[in-house]
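Below is one structure, written out as structure tokens; the observations come after it.
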Amino acid sequence: MLSIVTGMASPATAAPLFEKDVNLDESNRLRDILVAHGIDVVMTRAGDENPALVDRAHLGGEGDLLVSVHNNSSGNPSAHGSEVYAQIGNDQSMQLAENILSGIVNRAGTTSRGALTRAGERGDYYSILRNSPVPAVIVEGAFISNPDEAAALASPDFRQRLAEGIADGVISMVGSAPALGNGPTPTSALLGGLLTAPAGLSAARSGGGVRLSWAPVGLAGGYEIWKDGGLIGTSTSSAFNDPAFGGGRHHYEVRAFLGLGDLRIAESPSASVQMASARVVIDPGHGGVDSGAVGDA
């Protein structure tokens, strides 16, 4: 369940331990790990804001997955371990929950309480799961109401390991970034400097692929398109579709050329852009009870 504890004194520190702060720190660590793996990240809050649950869920529509990061609470101080809630009837959500739970247990050494669902009067009990337009999970890393786990949660090292476990589960679903490489340096050709690098190169997701577009280069007879250091095609227009984008992040380059076949009379420097195929919305929970079990919220 979502934590109902807003703060408590940790046995390891004299300062109160607030779930909202622990959740945000874990989420920031998770964000950094995912970004390092070439995954786009959107955060539902960056500080001590408390967006409405429905707004958090709807923001999930900007990504491919929504991960709501929490820590648990119970009236029984001996309750401990990790659990992850998935959306009812959503196989992707349940798979994500199972993968994240496995990652947390492996990284942080917590006890598994299961990948679970919880029914309410309108389907999923939890509002953020019920309203998310994409596969979503609620992660309950540890019990802030348990003295031993509260002491662990006060440790940056433990919060890092929780974040790493969550990241392992996410990456298992959306993939990681390949090693990025550049295409070969343009040859001097016969007329060096005649062509400029394509301006305004941009990449946009299109179905399962990506569409590249750029401004035309005067005198260019065509364009070479490179992906992660390998030539993937040519175009006579100022656009190119890569239908097999794949997971993680990719590095694209486009250069203009003038010539016939393999003969290059002139060749421009490359324009480059990076593109991530996956975007994850991270929701740092603010603590408190989910009031959206019934009704329209």
Side-chain angles (χ1 to χ4, degrees), residues 28-44 46 59-65 134 167 170-282:
N28 286 337
R29 294 170 184 272
L30 172 60
R31 174 202 61 206
D32 292 345
I33 296 169
L34 296 182
V35 168
H37 281 78
I39 297 169
D40 282 349
V41 172
V42 175
M43 302 284 285
T44 64
L59 188 59
E62 295 189 9
D64 302 293
L65 301 173
V134 298
V170 171
I171 291 167
S172 72
M173 297 290 289
V174 301
S176 185
L180 297 181
N182 297 325
T185 302
T187 61
S188 59
L190 297 176
L191 299 175
L194 177 66
L195 301 177
T196 59
L201 176 61
S202 64
R205 294 170 60 178
S206 177
V210 64
R211 180 173 176 79
L212 302 171
S213 59
W214 56 91
V217 176
L219 301 179
Y223 304 88
E224 293 179 342
I225 295 85
W226 297 75
K227 177 181 177 182
D228 302 329
L231 181 66
I232 61 171
T234 61
S235 175
T236 56
S237 70
S238 55
F240 182 83
N241 290 316
D242 175 15
F245 185 59
R249 178 184 58 196
H250 295 279
H251 180 96
Y252 288 94
E253 291 181 82
V254 176
R255 68 182 57 146
F257 68 84
L258 178 63
L260 181 64
D262 294 331
L263 175 64
R264 294 290 183 264
I265 299 172
E267 195 171 65
S268 79
S270 295
S272 63
V273 65
Q274 293 190 23
M275 182 69 182
S277 65
R279 174 174 287 176
V280 176
V281 177
I282 301 175

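Since we're looking at a predicted model, the values are computed, not measured. Side-chain atoms are counted along with the backbone in the values below, which use heavy atoms only and exclude waters and symmetry mates.
- When only modelled atom types and interatomic distance are considered, H250 and D228 share a side-chain donor-acceptor pair under 3.5 Å.
- Interatomic distance, T44 OG1 to L59 CG, rounded to the nearest 0.5 Å: 6.5 Å.
- For T234, there are no side-chain hydrogen bond (donor to acceptor under 3.5 Å, both in side chains) partners at least two apart in sequence or on another chain.
- Looking at residues two or more places apart in sequence or on another chain, you find no side-chain hydrogen bond (donor to acceptor under 3.5 Å, both in side chains) involving T196.
- Of the listed residues (L65, L34, V42), just one forms a side-chain contact (heavy atoms from CB on, under 4.5 Å) with R279, and that residue is V42.
- Across all non-hydrogen atoms, the minimal contact from A197 to A271 is CB-N, 4.3 Å.
- A search for side chain to side chain contact (heavy atoms under 4.5 Å, CB included) contacts involving V273 returns L201, A203, L212, Y252, not counting sequence neighbours.
- Atom CG of L258 sits about 5.0 Å away from atom CD1 of I265, to the nearest 0.5 Å.
- Note: Y223 and W214 meet the aromatic proximity criterion, with ring centroids under 6.0 Å apart.
- Contact record, A215 with S238: C-CB, 4.4 Å, taken as the closest heavy-atom pair.
- Taking the side chain as every heavy atom from C-beta outward, R31 and M43 approach each other to under 4.5 Å.
- Applying the side chain to side chain contact (heavy atoms under 4.5 Å, CB included) test to S237 and every residue at least two apart in sequence or in another chain returns S235, A239.
- Rounded to the nearest 0.5 angstrom, L231 CG and E224 CD are separated by 5.5 Å.
- Minimum interatomic distance between L195 and A266 (heavy atoms only, all atoms of both residues): CD1-O, 3.8 Å.
- Put simply, CG on D64 and CG on D40 are 9.0 Å apart, with the number rounded to the nearest 0.5 Å.
- Annotation: side-chain hydrogen bond (donor to acceptor under 3.5 Å, both in side chains) contacts of R29 (sequence neighbours excluded): D25, Q160.
- Residues satisfying the side chain to side chain contact (heavy atoms under 4.5 Å, CB included) criterion with V134, sequence neighbours excluded, are L66, S132.
- Atom CZ in F257 sits 4.5 Å away from atom CZ in R264 (nearest 0.5 Å).
- Closest approach of G63 to V281, counting heavy atoms only: N-CG2, 3.8 Å.
- With sequence neighbours left out, the side-chain hydrogen bond (donor to acceptor under 3.5 Å, both in side chains) criterion links N241 to R211.
- Looking at R255 and S270, their side chains do bring a donor and an acceptor atom within 3.5 Å of each other.
- Between atom CD of residue Q274 and atom CD of residue E253 there is a gap of 10.0 Å, rounded to the nearest 0.5 Å.
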